[in-house]
K.L.:
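One structure is given below, represented as C-alpha cells, and several questions about it will come after.
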Amino acid sequence: MIESMIDLLTRVVLIMEDGGSGKVVVLVDMDCFYVQVEKRLHPELKDKPCAIVQYNKWQGGSIIAVDYEARKYGVKRSLKGKEAKEKCPGIHLVQVPEKRRKADLSNYRKASGEVMKVLSGFTSVIERASIDEAFLDLTEPVKDYINSNSFDSLEFHADLKSTHVAGCNDDDDTHKDDCDLRISRGDWFKSSCSSDERVLIVAAILVQRIRETILNEVGFTCSAGISHNKMLAKLAAGMHKPNQQTILPQSQVDVVFSTTLLKKVRHLGGKLGEQVQDKLKIECVGQLQEYSLKVLQEKFGLKTGSWLYELCRGICHEKISNRIITKSIGCGKNFPGPSKLKTAKAVKYWLEQLSRELVERLEEDMTENTRQAQSITVHFLPEGQASSVARTFALPSYNTSLIVNNSWNAINKGHKPVTNEESHLTWTTGILNIHLSAGKFVQCGKGHMKSLLQLMSSDQECSFVSASSSHSSIITGKEVTQMTLCKEEREDAVLTTTPTITEQDQSLETSSMNITKFFTPIKRKGSLETQLDRNAKRREVVLEEIKGTLESDDDTIIDNQFEAVLCSECGEEVLKFVLEEHMDYHFALSLDKDSQIN
DNA sequence: ATTTTGACGCT
DNA sequence: AGCGTCAAA
C-alpha cells in the first residue's frame, strides 16, 4: 500500500521534467589537474606527454596524474614511473615537490584556490568537492540570465561548440542527430524543447563562459557536467573530456542509464556498488528500476534502499553545501615495508616533520581564512593491524612541540616498547603510517566584520562557538585552559598549558630531536593580528638575513632567534632559528646510516 | 611498496 | 570519539 503510493508519487515527480529538483547543478572538473599546474610552471612541457609522480627512488615513483597525450599510451594513475617509461618512452615525469623529506602538495592547493576564486565570481553557491572539482548551483544565475535582455540575441551555434548532450550520438561529425541540432539551432530552442532542457542549455552557455574565464584568468582547461542534481552532473562531466561539457537532461536518463555501469555512479564505485551488483545480478544502473522500493530496502536497508530507488530514476537529493575551503587540514606519510618506523627516534623525527608542515599550513590558513583549528587527530597504523588507530587532542595554539608531544603520547599509549635503551625505544612491530589532521575550526580574529557577515549569510556550514567565559577541559589527560573563541573577549585571552611530563618523555628529552621544551607555555597578549604582524616582520628580517638560502622556520616564538649556539653534534656555531633544521640534518644523516646497516 | 589527501556515515 | 567508506590527484 505505502509502496504503491510512493511509486505513484515518484511517477508524479517524474512528470515534472527535471526530476523534481527544480535546480540547475553543474560539476566543474579540472582536466588532469596536477599536470596542468606543472605545465603552467614549465611551459616547455606543453604538448608533450606528461605525468606527475610522487617520489622516485623506488621504481621511479608513483604516478598520481596523467595528461591525455600520455593516456593514449596506456599510462594510468598508480603505475610506477618506471612502468610509464616502458609504455611511453617519451613521457616527461614531473616530481611532486618535496619538503622535509615528504611530498608537498601546496602548489596544487594554491592553484585550486585560484580556480575556486574564479568560480565564486559566477554564483554564490559553490561546493568544493575535491582539490580540482566543484559543484555549482546555477539555478539563480540561469533565471537571471533568462530574464535579462541579452537572452534574445543568443547565437547558440557560436557558443556551444564544446557542448554535448548525453545519450546522443554526437561523436560522429558526419551524422549530426537531433540532439546536436537541438543545441545548435536557436529556433529549436524557442519552439520544440521542454522547459528543463531549456534551462540546461542556458546553463551550458554560462558554463562555457565560466570555463573560458578559468582558462583566461588562471590558464587551466576543465570539463563540466550540467544537469539537475549532483549525481547526474558528476556523471555527465565524465562523459566528454578533456575541455568539453555535457548536458544530461532528465529526458535522457533512462537511455543513458541503460548502459551506465553501476560503479560509474557516485558512491557506487566501491563496496556498496559491488554488493548491489552481486545481490541483484545486474550491471547497469537502469536495471535497478526493475526492483520495487520494498525489495531494495529489504536488501540494502531503509536509507540506502530508497536512495537506490530514486537514484536509478535520475533523482538525487544530496544537498549542495556552500563551502570553498576545506573543513580539515592534514598531512601524513606512509612508511611501507622496509621503511617502517621501528624506533622512538624515527617516530619523533617524523612527528616533527609532519607537525611543522601542519603548523605552517595552519598559519597560512589563519591569515587567509581568519579561523583557527581547535583539535588535532593523529592516525597511525601499527604493523600487523588491519586498521589504523586514531586519537584526538585539543589544539589551544599552533605550536609544533605541543602537537609532537601529544601525538607521541597518543602513539605510545597503545604501542608499548620492548626495549628502552637511551632514546632508542624499539617496538615488536613497526609503524607503517602516521597522519595528522587539524579540524574543528572556529572563526576568529579581527577583521571579523567581513567574516562575520559571510558567516551569517551562508548556510549552516559555518557555526559559531557561543562566546562564553573560559572553561577548562580534560583531553588526553592534560588540563587545558581554552581561549574564548569569539568577540572582544579574545583580545585578552591568555593561554596556558599545564605540562605533565612522563618519565618516558624525559628520557626522550635527551635525544637530539628535543630542541624545544615540551609544552613551552605560551602567553598571548594583544590581538591576533598583532601576533601575525610580528611573525610576518620576523620572517622578513630572517629572509633578508639569510638571503633565501634556507626555509623560513616556524613555530615556537623565542625571544632572540639570532643568538648563536654550539651544535652538540658537530660543534659548529649555529643560529637559534636554524637550529631545528640543523639538527634535522644530523638526524637525517643518522637515519641514512641506520638504513645502510639494515 | 601507490601515496597523500579530504568528506561524511555509522555506532 | 574512533572507525570505515568513498573519492580525487
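We use all heavy atoms of the structure for the numbers below, so side chains are in, but hydrogens, waters and symmetry mates are not.
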K.L.:
For Y55(A), answer base if it contacts any base atom (sugar-phosphate contacts may also be present), sugar-phosphate if it contacts only those atoms, and nothing otherwise; contact means non-hydrogen atoms under 4.0 Å.
P.N.:
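Touches sugar-phosphate only.
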K.L.:
Would you mind reading off the distance between L354(A) atom CG and dT5(B) atom P, rounded to a whole angstrom?
P.N.:
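After rounding, the reported distance stands at 8 Å.
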K.L.:
Taking NZ from K264(A) and C1' from dC6(C), how many angstroms apart are they, rounded to a whole number?
P.N.:
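Result: 15 Å.
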K.L.:
Touch check for R77(A), heavy atoms < 4.0 angstrom, all strands: base, sugar-phosphate only, or nothing?
P.N.:
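Touches a base.
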K.L.:
Quick one: is dA7(B) close enough that its OP1 or OP2 comes under 4.0 Å of any side-chain N or O from K327(A)?
P.N.:
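No, because none of the side-chain N or O atoms of K327(A) sits under 4.0 Å from OP1 or OP2 of dA7(B).
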K.L.:
OP1, OP2 of dA8(C) versus side-chain N and O of K234(A): anything below 4.0 Å?
P.N.:
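Yes, such a contact exists.
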K.L.:
Taking only the side-chain nitrogens and oxygens of S387(A), find out if one of them lies under 4.0 Å from OP1 or OP2 of dC3(C).
P.N.:
no
K.L.:
Of the candidate nucleotides dA7(B), dC10(B), dT5(B), which contains the atom at the shortest distance from the side chain of K303(A)?
P.N.:
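For the K303(A) side chain, the nearest candidate turns out to be dC10(B).
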K.L.:
So, is K333(A) close to the dT4(B) phosphate, meaning a side-chain N or O under 4.0 Å from OP1 or OP2?
P.N.:
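So the side-chain polar atoms of K333(A) do come within 4.0 Å of the phosphate oxygens OP1 or OP2 of dT4(B), strictly under.
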K.L.:
Pick base, sugar-phosphate or nothing for V378(A), based on heavy-atom distances below 4.0 Å to the nucleic acid.
P.N.:
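No contact.
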K.L.:
When rounded to the nearest Å, what value does the distance between C1' atoms of dA8(C) and dT2(B) take?
P.N.:
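Here dA8(C) and dT2(B) have their C1' atoms 14 Å from each other.
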K.L.:
Check whether any side-chain heavy atom of V37(A) lies under 4.5 Å from a side-chain heavy atom of L41(A), and answer yes or no.
P.N.:
no
K.L.:
Distance check: side-chain N/O of S78(A) vs OP1/OP2 of dT3(B), anything under 4.0 Å?
P.N.:
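So the side chain of S78(A) is outside the cut-off, no N or O lying under 4.0 Å from OP1 or OP2 of dT3(B).
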K.L.:
Taking the six-membered ring where the residue is Trp, are the ring centres of F220(A) and F33(A) under 6.0 Å apart?
P.N.:
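Yes, the ring of F220(A) comes within the 6.0 Å limit of the ring of F33(A), centre to centre.
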K.L.:
Between dA1(B), dG6(B), dT5(B), which nucleotide has the shortest distance from any of its atoms to the side chain of C331(A)?
P.N.:
dT5(B)
K.L.:
At less than 4.0 Å, is any side-chain N or O atom of K263(A) found next to OP1 or OP2 of dC6(C)? Yes or no.
P.N.:
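Looking at the OP1 and OP2 atoms of dC6(C), neither is under 4.0 Å from any side-chain N or O of K263(A).
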K.L.:
Between S130(A) and dA9(C), is there a side-chain N or O to OP1/OP2 distance below 4.0 Å?
P.N.:
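Indeed not, no polar side-chain atom of S130(A) lies that close.
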K.L.:
By the 4.0 Å heavy-atom rule, please label S388(A) as base, sugar-phosphate, or nothing.
P.N.:
sugar-phosphate
K.L.:
Tell me: CD of Q385(A) to P of dC3(C), nearest whole Å?
P.N.:
9 Å
K.L.:
Examine K87(A) relative to Y73(A) and say whether NZ or CZ is less than 6.0 Å from the centre of the six-membered ring and inside a 45° cone about the ring axis.
P.N.:
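The answer is no; the distance or angle limit is not met.
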K.L.:
Search all heavy atoms of G314(A) against all heavy atoms of L232(A) and return the closest pair with its distance.
P.N.:
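In terms of heavy atoms, the two residues are closest at O-CD1, 3.4 Å.
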K.L.:
To the nearest Å, give me how far apart OH (Y34(A)) and C1' (dT3(B)) are.
P.N.:
10 Å
K.L.:
Test your reading of the model: is there a side-chain donor-acceptor pair from Q245(A) to the backbone of A224(A), 3.5 Å cut-off?
P.N.:
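No, Q245(A) side chain to A224(A) backbone: no donor-acceptor pair under 3.5 Å.
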K.L.:
When all nucleic acid strands are considered with a 4.0 Å heavy-atom cut-off, which category describes L268(A): base, sugar-phosphate, or nothing?
P.N.:
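Sugar-phosphate, backbone atoms only, no base.
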K.L.:
Heavy-atom distance under 4.5 Å between the side chains of F300(A) and K279(A), does that happen here?
P.N.:
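Heavy-atom side-chain distance check passes, below 4.5 Å.
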K.L.:
Looking at N334(A), I'd like to know whether one of its side-chain N or O atoms comes within less than 4.0 Å of OP1 or OP2 on dA1(B).
P.N.:
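N334(A) to dA1(B) OP1/OP2: no side-chain N or O under 4.0 Å.
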K.L.:
Under 6.0 Å between ring centres: does that hold for F335(A) and W350(A)?
P.N.:
yes
K.L.:
What is the distance from CD of Q59(A) to C1' of dA1(B), rounded to the nearest Å?
P.N.:
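Taking atom C1' of dA1(B) as the reference, CD of Q59(A) is at 8 Å.
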K.L.:
Output yes when at least one side-chain N/O atom of K340(A) is less than 4.0 Å from OP1 or OP2 of dA1(B), else no.
P.N.:
no
K.L.:
Which of residues 62-73 of chain A have a heavy atom under 4.0 Å from DNA chain C?
P.N.:
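Those residues whose heavy atoms fall under 4.0 Å from DNA chain C, taken from residues 62-73 of chain A in numerical order, are I64(A), A65(A).
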K.L.:
Provide, to the nearest angstrom, the distance between the CG atom belonging to D104(A) and the P atom belonging to dT5(B).
P.N.:
8 Å
K.L.:
Which part of the nucleic acid does I52(A) contact within heavy-atom distance under 4.0 Å: base, sugar-phosphate only, or nothing?
P.N.:
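Since no nucleic acid heavy atom lies under 4.0 Å of I52(A), the category is nothing.
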K.L.:
For R361(A) and dG6(B), give me the distance from atom CZ to atom C1', rounded to whole Å.
P.N.:
10 Å
K.L.:
Find the distance L105(A):CG to dA9(C):C1' and express it as a whole number of Å.
P.N.:
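So the two atoms are 8 Å apart, to the nearest Å.
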K.L.:
Under 4.0 Å between a side-chain N or O of K102(A) and OP1 or OP2 of dT5(B)?
P.N.:
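Result: yes.
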K.L.:
Take R109(A) and G337(A), find for each the nucleotide of DNA chain B with the closest heavy atom, and name the residue whose nucleotide sits nearer the 5' end.
P.N.:
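Result: G337(A).
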K.L.:
Under the criterion of centre distance below 5.5 Å and interplanar angle below 30°, is F33(A) classified as stacked on the base of dA9(C)?
P.N.:
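According to the criterion (under 5.5 Å, under 30°), no, F33(A) does not stack.
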K.L.:
Taking any heavy-atom pair under 4.0 Å as a contact, classify K57(A): base, sugar-phosphate, or nothing.
P.N.:
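The answer is nothing, as K57(A) stays clear of every strand by at least 4.0 Å.
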K.L.:
Below 4.0 angstrom, N of the basic side chain to O of the carboxylate: do K99(A) and E360(A) qualify?
P.N.:
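Yes.
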K.L.:
How about R40(A) and Q36(A): do any of their side-chain heavy atoms sit closer than 4.5 Å?
P.N.:
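Heavy-atom side-chain distance check fails, nothing below 4.5 Å.
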K.L.:
Of the listed nucleotides (dC3(C), dA1(C), dA9(C)), which one gets closest to any side-chain atom of T392(A)?
P.N.:
dA1(C)
K.L.:
For W408(A) and A344(A), work out which heavy atoms get closest and say how close.
P.N.:
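Closest approach of W408(A) to A344(A), heavy atoms only: CH2-CB, 3.3 Å.
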